[in-house]
There are 2 protein chains.
Amino acid sequence: MYSLLKNIEIFKPLSNEALERLAAVSKRVEHQKGAILIYADKIEPYFYILESGIARAYSDGENQQITFWFGQSGAVLFSFNSYINNSPGYENIELLENCSLIQIRLTDLFSLYDQHLEIANWGRKIAEQELIATERRLIDRAFKGAAERYQDFLDQSPELIKRVALKHIASYLGVTQVTLSRIRAAHK
Amino acid sequence: MYSLLKNIEIFKPLSNEALERLAAVSKRVEHQKGAILIYADKIEPYFYILESGIARAYSDGENQQITFWFGQSGAVLFSFNSYINNSPGYENIELLENCSLIQIRLTDLFSLYDQHLEIANWGRKIAEQELIATERRLIDRAFKGAAERYQDFLDQSPELIKRVALKHIASYLGVTQVTLSRIRAAHK
DNA sequence: TTCATTTTTTAACATTTGTAAAATGTTGCC
DNA sequence: GGCAACATTTTACAAATGTTAAAAAATGAA
């Protein structure tokens, strides 16, 4: 029953046959705002696609918590280390709103990667898209000041500004909350 | 004739059959120190694996050049945007020493991805490993000061310190050359 | 609404890092 | 060796950002 997946952007390039194979191991789940779907230092067995709601990934430091990823509808959500190296991760993933998600067990997904050419290439493209977005951010940190990064964030993710606490956005942008406040004050 | 590839780390997980398919589209090339293998703003048709020598990727800004990647023996080397989105990239890749490389035409590689399950999954893992390394660096920028990042670089890439100009290492670490000099002076 | 809690802003000051320019060191070539 | 080109360090000063603490504003629950 692939109708579950058919309308989600990330699945659109797939043939009906591939979709059915994925649908057979997919399950829709709902979780509440505040739920932690992925814990750092644990091997997490699931891969998720966010259908609705928003989430953030963060790591805990000694006296701070750094948010380094936001996910919106259509985003893939998983523990990088669990998925890639079968080892405990560094990120916690917290839902910032009530969310609806597609859940796939990693062992099922890996088994499809080993059986199904089209799905293997779909998985390749997921990693590639995450890669290019992550490197883009690393380079932007070098070339752009904090104020410009904030403006870019406003332009590219206008919904997130409304729905996410500024303290999370500050650490995502690589500045303290105080600095972000200063940027916003200067902006008016 | 897959002996060309057999001893290179990145090819080791592959079966002989997959290696032969890759070897059939691979070619060993040599380039001199200073050569630019990948140009920003161009769609680059090749994918390389570095056999010997070192290289760096950099982007040009208005009054600066930022190095954001170093490759050593075994590294994969390509224009992310050309490879992933078939569009011009943002990085130049320069050889910092005379290098020996394996060259594969992207169209040949993509064609193998579409035909060969094992090679598709090999390509998936390449992207995944790059992804996790890149995100790791982004997070380290948030949690570690410049001095600690320098120390980590020393620990993890002792050869590069000897062979690469400090100005390139400075921008790789996300600081100016003056700051790196100060860190090195304090370090003694 | 009212109270308690949390988030955001503001202020004052400290620290880090950047900028520009000069001084020093290094490399390769004639 | 000696010169030229380039890399690295040092210095003085400027700008950006961090830290701490407090005030103001927003949010959520009773």
Side-chain angles (χ1 to χ4, degrees), chain A residues 32-36 54 56 58 60-68 70 94-98 137-154 160-188, chain B residues 32-34 36 54 56 58-68 70 94-98 138-154 159-188:
Chain A
Q32 296 225 307
K33 171 175 174 168
I36 309 284
I54 53 180
R56 72 175 180 118
Y58 65 94
D60 285 307
E62 304 203 355
N63 33 20
Q64 55 184 340
Q65 203 176 64
I66 302 287
T67 296
F68 54 86
F70 290 114
E94 175 192 10
L95 302 187
L96 299 174
E97 300 178 347
N98 295 341
R137 285 186 60 207
L138 190 65
I139 294 174
D140 278 354
R141 288 277 177 103
F143 282 110
K144 296 178 178 176
E148 191 176 356
R149 295 204 300 276
Y150 173 67
Q151 185 58 54
D152 288 350
F153 187 84
L154 283 183
L160 288 182
I161 281 283
K162 298 174 209 144
R163 292 153 72 183
V164 176
L166 287 172
K167 64 179 174 182
H168 296 146
I169 293 172
S171 73
Y172 178 84
L173 295 174
V175 295
T176 60
Q177 192 176 359
V178 174
T179 297
L180 179 56
S181 255
R182 286 194 273 236
I183 289 168
R184 285 161 56 84
H187 199 63
K188 286 167 193 164
Chain B
Q32 296 225 306
K33 171 173 173 170
I36 309 284
I54 53 179
R56 72 174 179 119
Y58 65 94
S59 278
D60 286 307
E62 303 203 356
N63 33 20
Q64 55 183 339
Q65 202 177 66
I66 302 288
T67 296
F68 53 86
F70 290 114
E94 176 193 11
L95 303 186
L96 299 175
E97 301 178 346
N98 294 341
L138 189 65
I139 294 175
D140 278 355
R141 289 277 176 102
F143 282 111
K144 296 178 177 175
E148 191 176 356
R149 295 203 300 277
Y150 174 67
Q151 186 59 54
D152 288 351
F153 187 84
L154 283 184
E159 332 72 41
L160 287 182
I161 281 283
K162 298 174 209 145
R163 292 154 73 185
V164 176
L166 287 172
K167 63 178 173 183
H168 296 146
I169 292 172
S171 73
Y172 179 84
L173 294 174
V175 296
T176 60
Q177 192 175 359
V178 174
T179 296
L180 180 56
S181 256
R182 287 192 272 238
I183 289 168
R184 285 160 56 84
H187 199 62
K188 285 168 191 163

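Naming: A, B, ... by sequence-line order, numbering from 1 per chain. Scope of the values below: all heavy atoms of this structure, side chains included, with no hydrogens, waters or symmetry mates.
To the nearest angstrom, P of C:dT24 lies 20 Å from CG of B:L166. When rounded to the nearest whole Å, the span between CD of B:Q64 and C1' of C:dT17 equals 14 Å. Between A:H168 atom NE2 and C:dT6 atom C1' there is a gap of 12 Å when expressed in whole angstrom units. Atoms CG (A:L180) and C1' (D:dG18) sit 14 Å apart, rounded to a whole Å. For the pair A:R141 CZ and D:dT17 C1', the interatomic distance rounds to 14 Å; values are reported in whole Å. In this structure, the CD atom of A:Q65 is 15 Å from the C1' atom of C:dT7, given to the nearest Å. Taking atom CD on B:Q177 and atom P on C:dT19, their separation rounds to 13 Å, with Å as the unit. Atom C1' of nucleotide D:dG18 and atom CD1 of A:I183 are separated by 13 Å, given to the nearest angstrom.
In this view, B:F70 and B:Y172 satisfy the ring-ring contact (aromatic ring centres under 6.0 Å, His included) rule, not counting sequence neighbours.
Residue A:S181 places at least one side-chain N or O under 4.0 Å from the OP1 or OP2 atom of C:dT9. Taking side-chain N and O atoms only, A:T176 has no distance below 4.0 Å to OP1 or OP2 of D:dT17. Distances shown here put every side-chain N or O of B:R182 at or beyond 4.0 Å from the OP1 or OP2 atom of D:dT10.
Residue B:R184 has its side chain nearest to D:dT9 when only C:dA11, D:dT9, C:dG18 are considered. Proximity note for A:T179 (side chain, C-beta onward) versus D:dA7, C:dT19, D:dT17: the nearest is D:dT17.
For A:Q32, the CD atom counts as loosely surrounded, since its 6.0 Å shell holds 12 or fewer non-hydrogen atoms of other residues, nucleotides or ligands.
Side-chain contact check for A:Q64 versus A:T176: every heavy-atom pair is 4.5 Å or farther apart.
Tested against A:L173 for a side chain to side chain contact (heavy atoms under 4.5 Å, CB included), the candidates A:L180, A:T67, A:D140 yield a single pass: A:L180.
In terms of position on DNA chain D, the residue among A:G145 and A:K33 whose nearest nucleotide sits closer to the 5' end is A:G145.
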Quiz item: Pairing of DNA chain D as dot-bracket, 5' to 3': ( ) intra-strand, [ ] crossing, | other strand, . unpaired, with Watson-Crick or G-U pairs under 3.5 Å?
Solution: ||||||||||||||||||||||||||||||
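Note that the CD atom of A:Q177 and the NE2 atom of A:H168 stand 9.0 Å from one another [nearest 0.5 Å].
Looking only at distances, a side-chain donor or acceptor of A:N98 sits under 3.5 Å from a matching main-chain atom of A:K33. No donor-acceptor pair under 3.5 Å is formed between the side chain of A:R184 and the backbone N or O of A:Y150.
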